[in-house]
Chemist: 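Okay, here's the structure, questions in a sec.
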Amino acid sequence: MKAIQITELGGPEKLTLVDVDRPEPGAGQVLVKIEAAGLNFIDTYQRAGLYPIELPFTLGMEGGGTVAAVGPEVTGFAVGDNVAYAMTPGSYAEYNLVLAAILIKVPDGVSNRDAAAVMLQGMTAHYLAHSTFTLEPGDTCLVHAGAGGVGRLLIQMAKNIGATVFATVGTEEKAEIARECGADATILYDQVNFQEEVMRLTNGEGVEVAYDSVAKATWERSLHSLKERGMLVLYGNASGPAPAIDPLLLSTSGSLFLTRPTLGNYVSTRDALEWRAGDILKWVQDGSLKLRTEIDFPLAEAADAHRALEGRKTTGKVLIIP
Ligand code: NDP
(Lines give C-alpha, C1' and ligand atoms only; values in the text may rest on other atoms or scores of the structure.)
Protein backbone atom coordinates (compact mmCIF):
# COMPACT_ATOMS: atom_id res chain seq x y z
CA MET A 1 0.00 0.00 0.00
CA LYS A 2 1.03 3.64 -0.41
CA ALA A 3 1.93 5.71 2.66
CA ILE A 4 3.69 8.97 3.49
CA GLN A 5 6.64 8.40 5.79
CA ILE A 6 9.46 10.45 7.24
CA THR A 7 12.84 8.91 8.04
CA GLU A 8 14.38 12.23 9.17
CA LEU A 9 12.99 15.24 11.01
CA GLY A 10 12.80 18.51 9.10
CA GLY A 11 10.68 20.46 6.65
CA PRO A 12 7.86 19.31 4.38
CA GLU A 13 10.46 18.01 1.89
CA LYS A 14 11.07 15.11 4.30
CA LEU A 15 7.65 13.63 3.47
CA THR A 16 8.18 10.67 1.17
CA LEU A 17 5.65 8.50 -0.64
CA VAL A 18 6.60 4.87 -0.04
CA ASP A 19 5.24 1.38 -0.76
CA VAL A 20 4.86 -0.68 2.41
CA ASP A 21 3.15 -3.96 3.23
CA ARG A 22 -0.48 -3.70 4.19
CA PRO A 23 -0.52 -4.50 7.94
CA GLU A 24 -2.55 -7.31 9.54
CA PRO A 25 -4.58 -6.46 12.65
CA GLY A 26 -3.32 -7.97 15.90
CA ALA A 27 -5.23 -8.46 19.14
CA GLY A 28 -7.58 -5.54 19.82
CA GLN A 29 -6.78 -3.89 16.48
CA VAL A 30 -8.90 -2.98 13.48
CA LEU A 31 -7.58 -2.38 9.95
CA VAL A 32 -9.21 0.76 8.54
CA LYS A 33 -9.30 1.47 4.80
CA ILE A 34 -8.72 5.23 4.87
CA GLU A 35 -11.13 7.36 2.85
CA ALA A 36 -9.76 10.64 4.18
CA ALA A 37 -7.00 11.57 6.61
CA GLY A 38 -7.23 14.85 8.52
CA LEU A 39 -4.36 17.33 8.37
CA ASN A 40 -3.56 18.79 11.78
CA PHE A 41 -0.94 21.17 13.08
CA ILE A 42 0.40 18.36 15.27
CA ASP A 43 1.57 16.64 12.05
CA THR A 44 3.94 19.55 11.43
CA TYR A 45 5.22 19.52 15.05
CA GLN A 46 5.97 15.79 14.74
CA ARG A 47 7.62 16.24 11.35
CA ALA A 48 9.82 19.08 12.63
CA GLY A 49 10.69 17.42 15.96
CA LEU A 50 8.81 19.72 18.38
CA TYR A 51 6.80 16.70 19.57
CA PRO A 52 8.91 13.52 19.86
CA ILE A 53 8.30 10.54 17.55
CA GLU A 54 10.18 7.39 16.61
CA LEU A 55 11.50 7.17 13.06
CA PRO A 56 10.54 5.96 10.51
CA PHE A 57 7.12 7.46 11.12
CA THR A 58 3.93 7.46 9.08
CA LEU A 59 2.25 10.81 9.70
CA GLY A 60 -1.43 11.54 10.24
CA MET A 61 -3.22 11.45 13.61
CA GLU A 62 -6.80 11.30 12.31
CA GLY A 63 -8.79 9.39 9.74
CA GLY A 64 -12.10 8.04 8.59
CA GLY A 65 -13.06 5.13 6.37
CA THR A 66 -14.34 1.56 6.49
CA VAL A 67 -13.30 -1.49 8.47
CA ALA A 68 -11.24 -3.77 6.18
CA ALA A 69 -10.31 -6.45 8.75
CA VAL A 70 -10.79 -7.13 12.44
CA GLY A 71 -8.16 -8.65 14.74
CA PRO A 72 -8.66 -11.20 17.53
CA GLU A 73 -10.47 -10.10 20.71
CA VAL A 74 -12.22 -7.21 18.96
CA THR A 75 -15.92 -6.89 19.64
CA GLY A 76 -18.37 -4.35 18.32
CA PHE A 77 -16.79 -3.79 14.90
CA ALA A 78 -17.29 -5.72 11.63
CA VAL A 79 -15.87 -5.52 8.12
CA GLY A 80 -17.62 -2.72 6.21
CA ASP A 81 -18.47 -0.55 9.24
CA ASN A 82 -18.00 3.21 8.78
CA VAL A 83 -15.49 4.39 11.39
CA ALA A 84 -13.32 7.34 12.42
CA TYR A 85 -10.61 8.03 14.97
CA ALA A 86 -8.11 10.57 16.26
CA MET A 87 -4.77 10.48 18.09
CA THR A 88 -3.36 7.39 16.37
CA PRO A 89 -0.53 7.93 13.87
CA GLY A 90 -0.33 6.34 10.44
CA SER A 91 -3.30 7.97 8.70
CA TYR A 92 -1.41 9.31 5.65
CA ALA A 93 -1.79 5.88 4.06
CA GLU A 94 -4.26 3.65 2.24
CA TYR A 95 -4.81 1.54 5.37
CA ASN A 96 -4.12 2.08 9.08
CA LEU A 97 -4.19 -0.10 12.17
CA VAL A 98 -6.28 1.40 14.95
CA LEU A 99 -7.05 0.07 18.42
CA ALA A 100 -10.74 -0.80 18.68
CA ALA A 101 -10.66 0.95 22.06
CA ILE A 102 -10.32 4.37 20.37
CA LEU A 103 -12.37 3.71 17.23
CA ILE A 104 -15.78 5.37 16.83
CA LYS A 105 -18.64 4.25 14.56
CA VAL A 106 -19.78 6.98 12.20
CA PRO A 107 -23.55 7.52 12.55
CA ASP A 108 -25.93 7.44 9.56
CA GLY A 109 -26.18 10.82 7.90
CA VAL A 110 -22.50 11.70 8.45
CA SER A 111 -19.98 10.83 5.72
CA ASN A 112 -16.69 9.17 6.60
CA ARG A 113 -15.02 12.18 5.05
CA ASP A 114 -16.80 14.60 7.41
CA ALA A 115 -16.07 12.31 10.36
CA ALA A 116 -12.37 12.31 9.44
CA ALA A 117 -12.54 16.11 9.28
CA VAL A 118 -14.05 16.66 12.70
CA MET A 119 -12.67 14.04 15.10
CA LEU A 120 -9.44 15.66 16.26
CA GLN A 121 -10.23 19.36 15.93
CA GLY A 122 -13.85 18.84 16.99
CA MET A 123 -13.01 16.93 20.16
CA THR A 124 -10.39 19.59 20.89
CA ALA A 125 -12.91 22.41 20.56
CA HIS A 126 -15.32 20.32 22.65
CA TYR A 127 -12.97 19.91 25.61
CA LEU A 128 -11.82 23.55 25.40
CA ALA A 129 -15.39 24.89 25.54
CA HIS A 130 -16.99 22.26 27.77
CA SER A 131 -14.22 21.15 30.15
CA THR A 132 -11.00 23.21 30.29
CA PHE A 133 -13.04 26.36 30.78
CA THR A 134 -16.70 25.43 31.01
CA LEU A 135 -18.29 28.27 29.07
CA GLU A 136 -21.65 29.54 30.31
CA PRO A 137 -24.18 31.72 28.51
CA GLY A 138 -23.02 35.34 28.78
CA ASP A 139 -19.30 34.53 29.16
CA THR A 140 -16.88 36.33 26.87
CA CYS A 141 -14.01 34.54 25.17
CA LEU A 142 -11.16 35.26 22.80
CA VAL A 143 -10.42 32.68 20.09
CA HIS A 144 -7.21 33.04 18.10
CA ALA A 145 -6.92 31.81 14.50
CA GLY A 146 -10.71 31.89 14.27
CA ALA A 147 -10.89 30.75 10.63
CA GLY A 148 -8.65 27.73 11.21
CA GLY A 149 -9.58 24.12 11.85
CA VAL A 150 -10.06 24.25 15.62
CA GLY A 151 -10.93 27.96 15.57
CA ARG A 152 -14.04 27.64 13.36
CA LEU A 153 -15.38 24.77 15.46
CA LEU A 154 -14.62 26.47 18.78
CA ILE A 155 -16.42 29.67 17.72
CA GLN A 156 -19.52 27.65 16.76
CA MET A 157 -19.51 25.65 20.02
CA ALA A 158 -19.03 28.79 22.12
CA LYS A 159 -21.88 30.52 20.29
CA ASN A 160 -24.12 27.44 20.68
CA ILE A 161 -23.51 27.70 24.44
CA GLY A 162 -24.44 31.39 24.39
CA ALA A 163 -21.03 32.99 24.93
CA THR A 164 -19.77 36.17 23.27
CA VAL A 165 -16.82 35.43 20.97
CA PHE A 166 -14.04 37.71 19.76
CA ALA A 167 -11.93 36.04 17.09
CA THR A 168 -8.52 36.99 15.75
CA VAL A 169 -7.64 36.24 12.12
CA GLY A 170 -4.85 36.94 9.65
CA THR A 171 -6.87 38.37 6.74
CA GLU A 172 -10.19 40.03 5.91
CA GLU A 173 -11.28 36.86 4.04
CA LYS A 174 -10.65 34.85 7.22
CA ALA A 175 -12.56 37.47 9.24
CA GLU A 176 -15.59 36.81 7.03
CA ILE A 177 -15.27 33.06 7.70
CA ALA A 178 -15.07 33.63 11.47
CA ARG A 179 -18.13 35.89 11.34
CA GLU A 180 -20.05 33.23 9.37
CA CYS A 181 -19.31 30.89 12.28
CA GLY A 182 -20.93 33.38 14.64
CA ALA A 183 -18.02 35.47 15.96
CA ASP A 184 -19.40 38.68 17.49
CA ALA A 185 -16.28 40.64 16.49
CA THR A 186 -13.17 39.84 14.50
CA ILE A 187 -9.72 41.36 14.96
CA LEU A 188 -6.97 41.43 12.32
CA TYR A 189 -4.21 40.71 14.83
CA ASP A 190 -1.35 41.32 12.39
CA GLN A 191 -2.59 44.87 11.90
CA VAL A 192 -4.03 45.99 15.24
CA ASN A 193 -3.14 45.39 18.89
CA PHE A 194 -5.72 42.73 19.78
CA GLN A 195 -5.31 43.33 23.52
CA GLU A 196 -6.38 46.95 23.13
CA GLU A 197 -9.23 45.89 20.88
CA VAL A 198 -10.48 43.28 23.39
CA MET A 199 -10.35 45.87 26.16
CA ARG A 200 -12.30 48.33 23.99
CA LEU A 201 -14.91 45.66 23.17
CA THR A 202 -15.33 44.75 26.85
CA ASN A 203 -15.36 48.31 28.26
CA GLY A 204 -11.97 47.75 29.85
CA GLU A 205 -12.97 44.54 31.67
CA GLY A 206 -11.34 41.81 29.56
CA VAL A 207 -12.59 38.32 28.70
CA GLU A 208 -13.21 35.35 30.97
CA VAL A 209 -11.06 33.07 28.84
CA ALA A 210 -8.52 33.37 26.03
CA TYR A 211 -8.08 30.27 23.87
CA ASP A 212 -4.59 30.75 22.44
CA SER A 213 -3.17 28.28 19.90
CA VAL A 214 -0.68 30.73 18.39
CA ALA A 215 1.41 31.08 21.61
CA LYS A 216 4.81 32.69 21.01
CA ALA A 217 3.48 35.73 19.14
CA THR A 218 0.32 36.18 21.20
CA TRP A 219 0.51 34.67 24.71
CA GLU A 220 1.44 37.87 26.53
CA ARG A 221 -1.31 40.01 25.01
CA SER A 222 -3.74 37.13 25.53
CA LEU A 223 -2.85 37.11 29.22
CA HIS A 224 -3.43 40.86 29.47
CA SER A 225 -6.78 40.53 27.67
CA LEU A 226 -8.22 38.63 30.64
CA LYS A 227 -10.59 39.71 33.37
CA GLU A 228 -9.55 39.31 36.99
CA ARG A 229 -9.31 35.58 37.71
CA GLY A 230 -9.67 34.78 34.00
CA MET A 231 -8.06 31.81 32.32
CA LEU A 232 -5.38 31.66 29.63
CA VAL A 233 -5.66 28.36 27.76
CA LEU A 234 -2.45 27.84 25.78
CA TYR A 235 -3.26 24.83 23.61
CA GLY A 236 -0.97 25.10 20.56
CA ASN A 237 2.23 26.55 19.14
CA ALA A 238 1.37 27.79 15.64
CA SER A 239 3.91 30.66 15.88
CA GLY A 240 6.25 28.68 18.17
CA PRO A 241 5.94 27.65 21.82
CA ALA A 242 5.39 30.20 24.59
CA PRO A 243 8.40 30.84 26.84
CA ALA A 244 8.63 29.83 30.50
CA ILE A 245 6.15 31.93 32.46
CA ASP A 246 6.77 33.24 36.00
CA PRO A 247 3.82 32.32 38.28
CA LEU A 248 4.07 35.77 39.90
CA LEU A 249 2.95 37.26 36.58
CA LEU A 250 -0.36 35.47 37.07
CA SER A 251 -0.71 37.09 40.47
CA THR A 252 0.19 40.63 39.41
CA SER A 253 -2.05 40.42 36.33
CA GLY A 254 -5.23 39.63 38.27
CA SER A 255 -4.95 36.22 40.00
CA LEU A 256 -5.15 34.51 36.62
CA PHE A 257 -5.26 30.83 35.73
CA LEU A 258 -2.94 29.31 33.13
CA THR A 259 -3.33 25.85 31.61
CA ARG A 260 -1.60 24.01 28.79
CA PRO A 261 -3.99 21.15 27.91
CA THR A 262 -3.74 18.35 25.35
CA LEU A 263 -6.53 16.27 23.81
CA GLY A 264 -5.19 12.91 25.04
CA ASN A 265 -5.96 13.79 28.65
CA TYR A 266 -9.53 14.73 27.80
CA VAL A 267 -10.39 11.49 25.95
CA SER A 268 -8.40 9.09 28.13
CA THR A 269 -11.41 6.96 29.06
CA ARG A 270 -13.88 5.32 26.65
CA ASP A 271 -16.70 7.28 28.33
CA ALA A 272 -14.99 10.62 27.70
CA LEU A 273 -14.17 9.64 24.10
CA GLU A 274 -17.75 8.54 23.40
CA TRP A 275 -19.15 11.69 25.01
CA ARG A 276 -17.03 14.08 22.95
CA ALA A 277 -17.08 12.12 19.66
CA GLY A 278 -20.80 11.42 20.10
CA ASP A 279 -21.58 15.11 20.60
CA ILE A 280 -19.57 16.39 17.66
CA LEU A 281 -20.85 13.76 15.21
CA LYS A 282 -24.43 14.42 16.36
CA TRP A 283 -23.90 18.17 15.86
CA VAL A 284 -22.53 17.56 12.36
CA GLN A 285 -25.53 15.33 11.65
CA ASP A 286 -28.11 17.90 12.85
CA GLY A 287 -26.31 20.88 11.30
CA SER A 288 -25.46 22.69 14.54
CA LEU A 289 -21.76 22.29 13.68
CA LYS A 290 -20.90 23.29 10.13
CA LEU A 291 -17.73 21.99 8.54
CA ARG A 292 -15.59 23.64 5.90
CA THR A 293 -13.75 20.90 4.05
CA GLU A 294 -13.19 22.11 0.53
CA ILE A 295 -9.40 21.82 0.56
CA ASP A 296 -8.19 18.32 -0.41
CA PHE A 297 -4.67 17.18 -1.20
CA PRO A 298 -3.92 13.79 -2.80
CA LEU A 299 -1.73 11.58 -0.59
CA ALA A 300 1.30 12.09 -2.85
CA GLU A 301 1.04 15.86 -2.32
CA ALA A 302 0.92 15.79 1.49
CA ALA A 303 4.08 17.95 1.63
CA ASP A 304 2.17 20.75 -0.13
CA ALA A 305 -0.60 20.42 2.47
CA HIS A 306 2.00 20.99 5.21
CA ARG A 307 3.36 24.04 3.36
CA ALA A 308 -0.12 25.49 3.03
CA LEU A 309 -0.98 24.94 6.72
CA GLU A 310 2.28 26.38 8.01
CA GLY A 311 2.07 29.23 5.51
CA ARG A 312 -1.33 30.35 6.94
CA LYS A 313 -2.88 29.62 3.54
CA THR A 314 -5.66 27.29 4.73
CA THR A 315 -9.07 27.84 6.30
CA GLY A 316 -11.25 25.23 7.97
CA LYS A 317 -10.25 21.61 7.50
CA VAL A 318 -7.72 20.20 5.07
CA LEU A 319 -8.05 16.53 4.09
CA ILE A 320 -5.46 14.22 2.60
CA ILE A 321 -6.98 11.68 0.25
CA PRO A 322 -5.23 8.35 -0.37
P1 NDP B 1 -5.25 25.92 11.92
O2 NDP B 1 -6.13 25.53 10.81
O3 NDP B 1 -5.84 26.77 12.99
O4 NDP B 1 -3.97 26.64 11.35
C5 NDP B 1 -3.15 27.41 12.17
C6 NDP B 1 -3.52 28.90 12.09
O7 NDP B 1 -2.77 29.60 13.06
C8 NDP B 1 -3.15 29.54 10.75
O9 NDP B 1 -4.11 29.34 9.74
C10 NDP B 1 -3.03 30.99 11.16
O11 NDP B 1 -4.30 31.63 11.08
C12 NDP B 1 -2.60 30.91 12.63
N13 NDP B 1 -1.22 31.35 12.80
C14 NDP B 1 -0.84 32.45 13.47
N15 NDP B 1 0.48 32.59 13.43
C16 NDP B 1 0.97 31.58 12.71
C17 NDP B 1 2.28 31.22 12.30
N18 NDP B 1 3.36 31.93 12.65
N19 NDP B 1 2.43 30.11 11.55
C20 NDP B 1 1.37 29.37 11.19
N21 NDP B 1 0.09 29.66 11.56
C22 NDP B 1 -0.11 30.77 12.31
O23 NDP B 1 -4.61 24.60 12.55
P24 NDP B 1 -5.31 23.47 13.46
O25 NDP B 1 -6.76 23.74 13.57
O26 NDP B 1 -4.84 22.16 13.01
O27 NDP B 1 -4.64 23.73 14.87
C28 NDP B 1 -4.84 24.97 15.53
C29 NDP B 1 -3.99 24.99 16.77
O30 NDP B 1 -4.58 24.12 17.73
C31 NDP B 1 -2.54 24.54 16.59
O32 NDP B 1 -1.72 25.39 17.32
C33 NDP B 1 -2.55 23.16 17.17
O34 NDP B 1 -1.31 22.80 17.69
C35 NDP B 1 -3.58 23.30 18.27
N36 NDP B 1 -4.19 22.04 18.68
C37 NDP B 1 -4.03 21.66 19.97
C38 NDP B 1 -4.62 20.53 20.44
C39 NDP B 1 -4.51 20.20 21.88
O40 NDP B 1 -5.19 19.28 22.37
N41 NDP B 1 -3.70 20.89 22.66
C42 NDP B 1 -5.35 19.62 19.56
C43 NDP B 1 -5.51 20.13 18.21
C44 NDP B 1 -4.91 21.31 17.79
P45 NDP B 1 -4.35 33.23 10.83
O46 NDP B 1 -3.73 33.45 9.48
O47 NDP B 1 -5.78 33.58 10.88
O48 NDP B 1 -3.54 33.85 11.91
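Basis for what follows: all heavy atoms, side chains included, without hydrogens, waters or symmetry-related copies.
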Chemist: Ignoring hydrogens and angles, state whether a donor on the side chain of Asp212 or Thr218 is under 3.5 Å from an acceptor on the partner side chain.
Modeler: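 Yes, side-chain donor-acceptor contact under 3.5 Å.
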Chemist: When rounded to the nearest 0.5 angstrom, what distance separates CD in Gln5 from OH in Tyr92?
Modeler: 13.5 Å
Chemist: With sequence neighbours excluded, what pairs up with Glu94 under the side-chain hydrogen bond (donor to acceptor under 3.5 Å, both in side chains) test?
Modeler: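 Testing Glu94 for side-chain hydrogen bond (donor to acceptor under 3.5 Å, both in side chains), a comparison that skips the adjacent residues, returns none.
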Chemist: Between the side chains of Tyr266 and Thr132, does any donor sit under 3.5 Å from an acceptor?
Modeler: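 There is such a pair (donor and acceptor under 3.5 Å, judged by atom type) between the side chains of Tyr266 and Thr132.
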Chemist: Just how far is it from atom CZ of Arg307 to atom CD of Glu13, taken to the nearest 0.5 Å?
Modeler: 7.0 Å
Chemist: When you look at Asp114 and Lys317, which way does the salt bridge (Lys or Arg N to Asp or Glu O under 4.0 Å) test go after all the steps?
Modeler: CA-CA 10 Å; Asp114 280 356; Lys317 186 68 186 181; over 6 Å; no
Chemist: Using side-chain hydrogen bond (donor to acceptor under 3.5 Å, both in side chains) as the criterion, list what pairs up with Glu176, not counting sequence neighbours.
Modeler: Arg179
Chemist: Just one of Leu120, Val30, Leu103 clears the side chain to side chain contact (heavy atoms under 4.5 Å, CB included) bar with Tyr85, so which one?
Modeler: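 Filter result, single survivor: Leu103.
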Chemist: Do His306 and Asp43 have a side chain donor and acceptor closer than 3.5 Å?
Modeler: no
Chemist: Salt bridge (Lys or Arg N to Asp or Glu O under 4.0 Å) between Lys174 and Glu172: does it pass, once the steps are laid out?
Modeler: CA-CA 5 Å; Lys174 290 182 176 184; Glu172 189 47 53; over 6 Å; no
Chemist: Does the distance from a Lys or Arg side-chain N to an Asp or Glu carboxylate O, for Glu8 and Arg47, drop under 4.0 Å?
Modeler: no
Chemist: Can you list every pair that meets ring-ring contact (aromatic ring centres under 6.0 Å, His included) and has a residue in residues 203-249, with sequence neighbours left out?
Modeler: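 Every pair satisfying ring-ring contact (aromatic ring centres under 6.0 Å, His included) with a residue in residues 203-249: there are none.
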Chemist: Under the rule for salt bridge (Lys or Arg N to Asp or Glu O under 4.0 Å), what residues qualify as partners of Arg270, not counting sequence neighbours?
Modeler: Glu274
Chemist: Only counting residues at least two apart or in another chain, list the ones meeting salt bridge (Lys or Arg N to Asp or Glu O under 4.0 Å) with Glu208.
Modeler: Lys227
Chemist: Could you work out, with side-chain hydrogen bond (donor to acceptor under 3.5 Å, both in side chains) as the rule, every residue matching Tyr95, not counting sequence neighbours?
Modeler: Arg22
Chemist: Less than 4.0 angstrom from a charged side-chain N to a carboxylate O is my criterion; do Lys313 and Asp304 meet it?
Modeler: no
Chemist: Which of these passes side chain to side chain contact (heavy atoms under 4.5 Å, CB included) with Met1: Asp19, Val18, Val20?
Modeler: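 The passing option is Val20.
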